[in-house]
Every structure is written in C-alpha cells, then in structure tokens.
A.B. asks: 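I am attaching a structure below and will ask some questions about it afterwards.
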Number of protein chains: 2
Amino acid sequence: MNYSVSEENYIKSIYHLQQQTDTVTTNSLANELRTKPASVTDMLKKLRTKRLVDYEKYRGFKLNAAGSKIALGIVRRHRLWEFFLVNKLGFEWDKVHDIAEELEHVSSAELIKKLDSFLNFPQTDPHGDPIPDTNGKMAVIKQLSLAEIDAKKTVVVSSVGNQSPEMLEMLKHYHIGIGTSLKINRHFAFDGSVEIKVTQQSACIISGQMAKNIFVHHG
Amino acid sequence: MNYSVSEENYIKSIYHLQQQTDTVTTNSLANELRTKPASVTDMLKKLRTKRLVDYEKYRGFKLNAAGSKIALGIVRRHRLWEFFLVNKLGFEWDKVHDIAEELEHVSSAELIKKLDSFLNFPQTDPHGDPIPDTNGKMAVIKQLSLAEIDAKKTVVVSSVGNQSPEMLEMLKHYHIGIGTSLKINRHFAFDGSVEIKVTQQSACIISGQMAKNIFVHHG
DNA sequence: AATTTTTTTTAGATTTGTCTAAATTAAATT
DNA sequence: AATTTAATTTAGACAAATCTAAAAAAAATT
Ligand SMILES: [Mn+2]
Ligand SMILES: [Mn+2]
Ligand SMILES: [Mn+2]
Ligand SMILES: [Mn+2]
C-alpha cells in the first residue's frame with residue numbers, strides 16, 4: 001500500500017513520540033506536527049481504518065506492528081538522506097533535517113536501495129542516530145548522557161537527544177559533534193552544569209540541559 | 001512564492017508542450033498530464049490568477065515570462081536529479097524519469113546548488129537534454145535527426161526526442177545511447193527506415209519513427 | 001449557410017486534509 | 001463527592017485538486 005505525505009508524517013511522529021511514552025496523546029501529536037488536536041483525531045480514525053494504529057477514543061494510541069514497520073521505513077529514508085546531505089553534498093548537520101523531511105517521502109524502493117549502496121551502507125545518521133535496515137531492524141544503542149557519567153572520565157559523543165536547530169547551533173559553537181572526544185571535569189550540584197574539556201580546546205561549562213542531551217560512549 | 005506539486009507539474013508540462021506548438025490547448029495538456037480537460041481549465045484559472053500564464057477562455061494558453069522562469073527551474077531540478085540517479089546511483093537511463101518527477105519538487109534552493117556542485121556542473125542530462133542554469137538560461141542545441149542526415153556520414157548520438165520507456169527500451173536493445181558513434185549506411189524511401197552501423201556491431205535497420213527521434217551531431 | 005462534430009467551459013459533487021467552535025469525557029482540585 | 005479544569009472528540013465549514021455530466025463555443029463538414 002502507498003501512503004500520502006501527510007499520513008507518513010503522522011506515522012513517523014507517532015513513532016518518535018512512542019520512544020518516550022508508550023502510548024501517545026492527541027495533544028502531544030498535535031504539538032509535534034504543529035497542527036490542531038481536531039486534525040489529529042481525524043487522521044487517527046483514518047490510520048485506524050488502515051490498521052496501522054491501536055486507537056480507542058479518549059484512550060490514546062500507539063502504532064501496531066504494521067504501523068511500526070511503515071514508520072521504520074520512513075525513518076530509514078530520512079536518515080539515509082541526511083547522511084547523503086552531510087557526507088556527499090557538504091551540508092552542516094544542523095541544516096539537513098527539513099530537507100530530509102521532504103526527501104523521505106519519495107517513494108521508490110529501488111532509489112533507497114541504490115542510495116544505501118552508494119553511501120556504503122552507513123549505520124548511523126549525522127546526529128548519531130541508527131539507521132534501520134531494509135527489514136526495519138535497528139541497532140539499539142545504549143545511551144548515557146553527559147549528566148549521568150562520572151567526573152574524570154573521557155568519553156566520545158555518539159548522538160544528541162534534542163535536535164532542534166537551536167541545540168545544534170549551540171553544539172557547533174562549542175565545537176562538539178558526533179565523534180568528538182572530551183573529558184568530564186566536574187558536575188555542579190546547583191544546576192547540573194558540567195565542566196568539560198574537549199581535546200585541543202580550553203575547558204568550558206555546559207548547562208545541565210545540554211548535558212542531558214549529549215549522549216556518549218566510553219572512548 | 002511557493003508552488004504546489006500539482007501546480008509545478010502543470011507548469012512544466014505547459015513548458016514542454018510549448019516547445020512544439022507555441023500556444024497549448026486544454027486537451028493536449030489534459031492528455032499529457034493524464035487528467036481531464038475540466039481539471040485543466042480549473043488549474044489554468046488558478047495559474048492565471050497567479051500571473052504565470054496568458055490565458056483567455058477558448059483561446060488556448062502559454063506561459064508568460066514569470067511562468068517560463070518557474071518552468072525552467074523545475075526542468076533544471078529534474079535534469080540534475082536524473083544526472084545524479086544515472087551517474088552516481090547507477091540507474092539505467094530509462095528508469096530515472098519517474099523518480100526525478102518526484103525529486104524535482106523538493107524545494108530547497110541550497111540543495112540544488114550543492115547538488116549541482118557535487119555533480120560537477122553537468123551541462124546535459126542522461127537523455128542529452130541541456131540543463132538550464134540558475135538563471136533559467138539553457139543552451140540551445142541544434143537538433144538534426146538521423147532521418148535528416150545524408151547517407152555515408154558518421155555521427156554521434158546527442159539526445160533522444162521521444163523518451164517513453166518503450167523508446168528507451170528499444171534504444172537499449174540496439175545498444176544505442178548518448179555518445180554512441182554510428183555510420184548511416186542508407187535511407188529507405190518506402191517507409192523511411194534507416195540502415196545504420198554502430199561501431200563494433202553489425203549493421204542494422206531502424207524504423208523511420210526511431211530515426212526521427214534520434215538526434216545527432218557530427219562526430 | 002446550416003448542420004454536425006470536436007473542444008472547452010461550467011455546474012455540481014467528491015476526497016483529502018485542515019480549521020474553529022461547541023460538546024463531551026477524563027483528570028485534577030477543592 | 002462535587003466542582004473546576006484540561007483533554008479529546010464531534011459538528012460543520014473550507015481550500016485544493018480532482019471528477020462526471022451538461023452546456024456553450026469553436027471548428028469542420030456538408
Ligand atoms: Mn516529512
Ligand atoms: Mn537525524
Ligand atoms: Mn513532477
Ligand atoms: Mn531527461
């Protein structure tokens with residue numbers, strides 16, 4: 001079956017919201033998609049008719065197995081295009097989301113197959129998020145944020161939680177990207193700020209909010 | 001201003017039909033877009049309101065300067081994507097049209113600029129058609145078909161007129177592509193068939209219809 | 001010039017996706 | 001437990017893009 005751009009955007013947003021809370025609410029989805037709750041209710045009835053979501057009125061909703069499979073296909077296309085935009089076209093990683101938001105809806109399976117091969121089968125996108133394979137299988141990467149790791153440890157940035165342009169702009173300002181190696185000097189109890197030392201840069205302090213959104217693995 | 005996918009498809013089709021006949025008819029556009037004449041009339045009123053076409057009812061229509069500029073932008077995107085699909089992703093040249101038909105509507109100017117640069121500023125697409133530049137300027141290539149060229153001459157294929165999958169499939173069968181060098185043995189008066197000899201292949205005969213759609217320059 | 005055929009437009013309906021305002025249900029507070 | 005507040009759904013409207021069938025205009029034929 002083939003889905004409209006609008007349906008695909010809803011499906012993908014439900015998928016992302018489910019990562020945080022198992023069942024999704026009408027308001028949160030409306031907020032995510034910058035639309036109105038009434039529109040969400042309308043679309044959910046349609047997605048239910050197409051057997052992609054479990055939904056009972058007033059009870060919230062979630063993707064079923066079929067819906068999740070569709071969602072992972074869209075996520076796969078989105079992340080492959082993001083990789084292409086950064087690693088082939090030379091975009092900065094904070095400029096690619098909106099373009100990938102359009103490209104992900106181009107519906108040729110052959111295109112994605114050949115793109116994947118052209119890109120040499122990348123495992124993660126420019127934000128460190130894993131790329132699902134053709135069958136919708138995706139590596140689950142254990143995520144530890146800078147806020148949770150003990151002082152004095154040296155770690156490597158593997159992904160970022162908040163991917164708003166504002167956050168990505170800030171990371172760029174600090175010269176922090178995926179693969180950046182840094183040492184945690186200390187945590188401040190007052191507001192959760194963290195002092196870090198990036199290799200070949202002087203130590204600096206990032207806010208608790210930033211620390212919670214920078215995920216790392218041991219380097 | 002920003003145009004819908006549907007508006008863009010209409011604009012581009014009007015542009016292409018204008019290459020053959022200066023003013024375009026409702027039926028021909030409906031046929032080109034595989035839609036109904038009534039739908040064409042509706043859309044034309046909209047395009048007129050947006051000041052992209054000259055149109056008076058029952059009088060046919062054509063793009064004005066503003067409309068032509070939009071059209072050339074779409075043609076540019078289409079042909080750049082076709083080049084990408086063939087030369088980077090490894091698609092066959094008869095498989096790329098429908099995919100480019102979708103990709104051409106992705107609306108980031110920065111994307112097309114970087115794609116152009118990534119592809120090394122190609123001048124023609126995989127079918128030999130010229131790619132308009134950023135300002136909508138396009139090289140006019142003098143087109144002579146195999147049907148019009150004298151026997152015994154050796155020529156190089158530069159583009160193809162009819163780009164239906166059927167035609168492209170046939171060219172592939174004859175091992176003829178853009179850049180193929182061939183010698184014209186003789187023209188048959190009865191039905192316009194042409195005997196040709198492609199380098200390193202035995203001589204063969206192509207129909208008059210094919211001959212008229214294979215454009216060449218002197219090699 | 002009158003008639004027939006073809007082309008084009010209009011009228012009215014349909015589908016998709018959206019909205020506002022009102023009604024309903026659920027959750028939180030007193 | 002009653003009341004207030006918040007979340008969700010329904011009702012009804014609207015814009016975009018399409019369609020069918022009927023009407024109107026233009027072109028071709030007799
Ligand atoms: Mn999208
Ligand atoms: Mn990403
Ligand atoms: Mn198109
Ligand atoms: Mn082409």
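Numbered from 1 within each chain, the chains take letters A, B, ... in sequence-line order. Because the structure is a prediction, the values reported are computed rather than measured.
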A.B. asks: In whole angstrom, what separates A:L44's CG from D:dT10's P?
C.D. replies: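 Whole-Å distance recorded here is 12 Å.
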A.B. asks: Measure from CG on A:D42 to P on D:dT8 and round the result to the nearest Å.
C.D. replies: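 Rounded to whole Å, this separation is 15 Å.
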A.B. asks: Output yes when A:R59 and A:D54 qualify as a salt bridge under the 4.0 Å nitrogen-oxygen rule, no when they do not.
C.D. replies: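 No, no charged N to carboxylate O under 4.0 Å.
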A.B. asks: Is the positively charged end of B:K88 above the ring of A:F84, judged by distance under 6.0 angstrom from the centroid and angle within 45° of the axis?
C.D. replies: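 No, B:K88 does not lie over the aromatic ring of A:F84.
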A.B. asks: Hey, which of B:E102, B:E8, B:E82, B:E101 is the one that makes salt bridge (charged side-chain N to carboxylate O under 4.0 Å, His left out) with B:R77?
C.D. replies: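 The residue from B:E102, B:E8, B:E82, B:E101 that satisfies salt bridge (charged side-chain N to carboxylate O under 4.0 Å, His left out) with B:R77 turns out to be B:E8.
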A.B. asks: From NZ of B:K36 over to P of C:dT9, roughly how many Å is that when rounded to an integer?
C.D. replies: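 In whole Å, C:dT9 P lies 17 Å from B:K36 NZ.
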A.B. asks: Tell me: NZ of B:K45 to P of D:dT18, nearest whole Å?
C.D. replies: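 Rounded to the whole Å, the gap is 15 Å.
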A.B. asks: Check whether B:F91 forms a cation-pi arrangement with A:K114 (NZ or CZ under 6.0 Å from the six-membered ring centre, at most 45° off the ring normal).
C.D. replies: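 So A:K114 does make the cation-pi contact.
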A.B. asks: Taking atom CD of B:Q209 as the centre, report whether more than 12 heavy atoms of other residues, nucleotides or ligands fall under 6.0 Å from it.
C.D. replies: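 Not more than 12 within 6.0 Å, no.
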A.B. asks: Whether A:S4 contacts C:dT16 is assessed here as follows: a side-chain N or O lying under 4.0 Å from the phosphate OP1 or OP2. Is that the case?
C.D. replies: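 No, outside the criterion.
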A.B. asks: Just N and O in the side chain of A:Y3: are any of them under 4.0 Å from OP1 or OP2 of C:dT16?
C.D. replies: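 No.
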A.B. asks: Report the residue from B:D125, B:N213, B:D129 that forms a side chain to side chain donor-acceptor pair (under 3.5 Å) with B:Q163.
C.D. replies: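 Only one of B:D125, B:N213, B:D129 forms a side chain to side chain donor-acceptor pair (under 3.5 Å) with B:Q163, namely B:D129.
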A.B. asks: Could you tell me whether A:F61 contacts a base, only the sugar-phosphate backbone, or nothing, with contacts defined as non-hydrogen atoms closer than 4.0 Å?
C.D. replies: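 Nothing, no heavy atom under 4.0 Å.
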A.B. asks: Measure CZ/A:R48 against P/D:dT9 and give the value in whole Å, please.
C.D. replies: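 Taking atom P of D:dT9 as the reference, CZ of A:R48 is at 9 Å.
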A.B. asks: Could you list the protein-to-nucleotides 6-8 of chain C atom pairs, N/O on both sides, closer than 3.5 Å?
C.D. replies:
unit_1: C:dT8; atom_1: OP2; unit_2: B:N27; atom_2: N; d: 2.8
unit_1: C:dT8; atom_1: OP2; unit_2: B:N27; atom_2: ND2; d: 3.4

A.B. asks: Whole angstroms only, please: what is the CG-C1' distance between B:L33 and D:dT18?
C.D. replies: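 Distance, rounded to whole Å: 12 Å.
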A.B. asks: Grab the CG-P distance between A:L29 and D:dT8 for me, whole Å please.
C.D. replies: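 Interatomic distance, CG of A:L29 to P of D:dT8: 10 Å.
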A.B. asks: Do B:Y3 and B:K50 have side-chain heavy atoms sitting under 4.5 Å apart?
C.D. replies: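 Touching, per the 4.5 Å side-chain cut-off.
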A.B. asks: Has A:S39 got a side-chain N or O lying under 4.0 Å from the OP1 or OP2 atom of C:dC19?
C.D. replies: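 The answer is yes; a side-chain N or O of A:S39 sits under 4.0 Å from OP1 or OP2.
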A.B. asks: D:dT18 phosphate, OP1 or OP2: any side-chain N/O from B:S6 under 4.0 angstrom?
C.D. replies: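 It does, given that an N or O in the side chain of B:S6 lies less than 4.0 Å from OP1 or OP2 of D:dT18.
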